[in-house]
Amino acid sequence: MKTLREAEIGSTVKVVKLHGEGAVKRRIMDMGITKNVEVYVRKVAPLGDPIEVTVRGYELSIRKADAEMIEVA
């Protein structure tokens with residue numbers, strides 16, 4: 001299982017599954033990260049948190065903890 005946190009900078013990955021439950025999962029989905037959507041990893045902050053991605057045509061910064069809940073291929 002590979003997570004969004006482990007994705008390489010400059011790569012495009014596809015969301016396979018969202019882990020987590022309740023409000024956390026809902027918040028990730030509200031940001032536009034849903035199953036089968038493509039996510040481009042733009043850059044990672046110097047200390048690894050947050051991760052900046054492009055999803056559905058807009059830039060989004062997500063925390064490392066949230067990125068670990070997003071399984072990608």
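The salt bridge (charged side-chain N to carboxylate O under 4.0 Å, His left out) pairs that include a residue from residues 8-26 are R26-D30, where partners are two or more places apart or lie in different chains. For the salt bridge (charged side-chain N to carboxylate O under 4.0 Å, His left out) condition, the pairs that include at least one residue of residues 37-49, sequence neighbours left out, are R42-E52, R42-E59. Applying the salt bridge (charged side-chain N to carboxylate O under 4.0 Å, His left out) test to residues at least two apart or on different chains, the pairs with a partner in residues 64-73 are R5-E68, R27-D66, R63-D66.
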### Message
Let's go through I70 and L18 carefully: what are the C-alpha distance in whole Å and the side-chain angles of both, what is the deciding distance for side-chain contact (heavy atoms from CB on, under 4.5 Å) to 0.1 Å, and is it a yes or a no?
### Response
CA-CA 5 Å; I70 303 167; L18 294 175; 3.8 Å; yes

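The shortest heavy-atom contact between I51 and A67 is CD1-CB, 3.7 Å.
The hydrophobic cluster containing V16 does not contain I62, counting ILVMFWY residues as joined when their side-chain heavy atoms lie under 4.5 angstrom apart, directly or transitively. Placement of I9 and Y40 in two distinct hydrophobic clusters is found when ILVMFWY residues are connected by side-chain heavy-atom separations under 4.5 Å, directly or transitively.
Taking the side chain to side chain donor-acceptor pair (under 3.5 Å) definition, one finds that T34 meets it with R56, sequence neighbours left out. Annotation: side-chain contact (heavy atoms from CB on, under 4.5 Å) contacts of V55 (sequence neighbours excluded): I33, V37, V39, Y58, L60.
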